[in-house]
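Notes for the one structure printed next.
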Amino acid sequence: MEKKRIPLVAGNWKMYKTIAEARQLVPDLVAGLDPIAGVEKAICPPFTALLPVKALLEGSSIHLGAQNMHWEDSGAYTGEISPRMVAELCTYVIIGHSERRAYFGETDETVNKKVKSAYTAGLIPILCVGETLQENEAGKTGEVVERQIKKGLLDVRLTPEKDGSIPLVIAYEPVWAIGTGRAASGEDANTVVSKYIRPSLAQLFGLAVAQSVRVLYGGSVKASNASEFFNQPEIDGALVGGASLKADEFIAIVKYAVLP
Ligand code: PGA
């Protein structure tokens, strides 16, 4: 089946890699990833490593993303990083990752503020949605994902980029699949995207936009299961955690994402 959306594979480093460790990893990533065409690549290191990693990515085809940010431009918010600060360095910003929702009190409302401020700053949000194990077992996956999309994107206006692409990425990450080694099946993930995620996007932005937004799968993606997701018609790449910390593994995943 032909997919018109360019796949994206993004590595979420989480709270791993000092600057020194990042300096060891990134040259291997650049060497392996830069020549791979037909798929967009991004890495999202911790804040402290963004500047040195940006320097190492200079001239390569790999984009940089942040893992979080505050929604205000500036102010007395000790310990926070603003959208304008992130935008000096990055193309993408991950918003509403389930670890932020679970451990740092993020809600659909704060996620919504962050998404809006990402656009004001010129960043492309990677909005994470996904149900917990309990919600999954209670048959609430659709309800949860629809709520996270609709509230997270409330009052957002999407303007297509010059090339016609839509500056929004959704990552469907079932919470029970993150860091557990227990990925969803490709088919189940595809069903969540086709049954709940794209229809919610269509309600908000219309059918054409909903079909242009890239929707990634995340949760225990590795080289050995990546193609199961990339072969699905509604899945346009992956948000990769643990496996993005090893150059060989991440490069192998990205190769599977290249469109035939
Ligand atoms: P994982 O994490 O690949 O380690 O499961 C994915 C994520 O949290 O984005």
Are S82 and D73 close enough that a side-chain donor and a side-chain acceptor fall under 3.5 Å?
->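 The answer is no; no qualifying pair exists.
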Taking atom types as modelled, is there a side-chain donor on Y196 or E131 under 3.5 Å from an acceptor on the other?
-> no
Side chain K114, main chain M69, donor-acceptor under 3.5 Å | yes
Are the side chain of T107 and the backbone of T110 linked by a donor-acceptor contact shorter than 3.5 Å?
-> yes
Sequence neighbours left out, what passes side chain to side chain donor-acceptor pair (under 3.5 Å) with E143? Give chain and number order.
-> none
Quick one: side chain to side chain donor-acceptor pair (under 3.5 Å) partners of N112, sequence neighbours excluded?
->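 For N112 the side chain to side chain donor-acceptor pair (under 3.5 Å) partners, ignoring immediate neighbours, are K116.
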Scan for salt bridge (charged side-chain N to carboxylate O under 4.0 Å, His left out) pairs involving residues 193-202, sequence neighbours excluded, and state none if there are none.
-> R198-E234, R198-D236
Applying the side-chain contact (heavy atoms from CB on, under 4.5 Å) test to Y172, which of T141, L127, L239 qualifies?
->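 Result: among T141, L127, L239, T141 is the only option passing the side-chain contact (heavy atoms from CB on, under 4.5 Å) with Y172.
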Residues K150, D108: salt bridge by 4.0 Å N-O rule =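 No, K150 and D108 are not salt-bridged.
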Distance (rounded to the nearest 0.5 Å) between L56 CG and I62 CD1 |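 Answer rounded to 0.5 Å: 10.0 Å.
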Measure centre to centre between the rings of F229 and Y217, then say whether the value is under 6.0 Å.
-> yes
Closest heavy-atom contact between A257 and V39?
->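 So the minimum-distance heavy-atom pair works out to CB-CG2, 3.9 Å.
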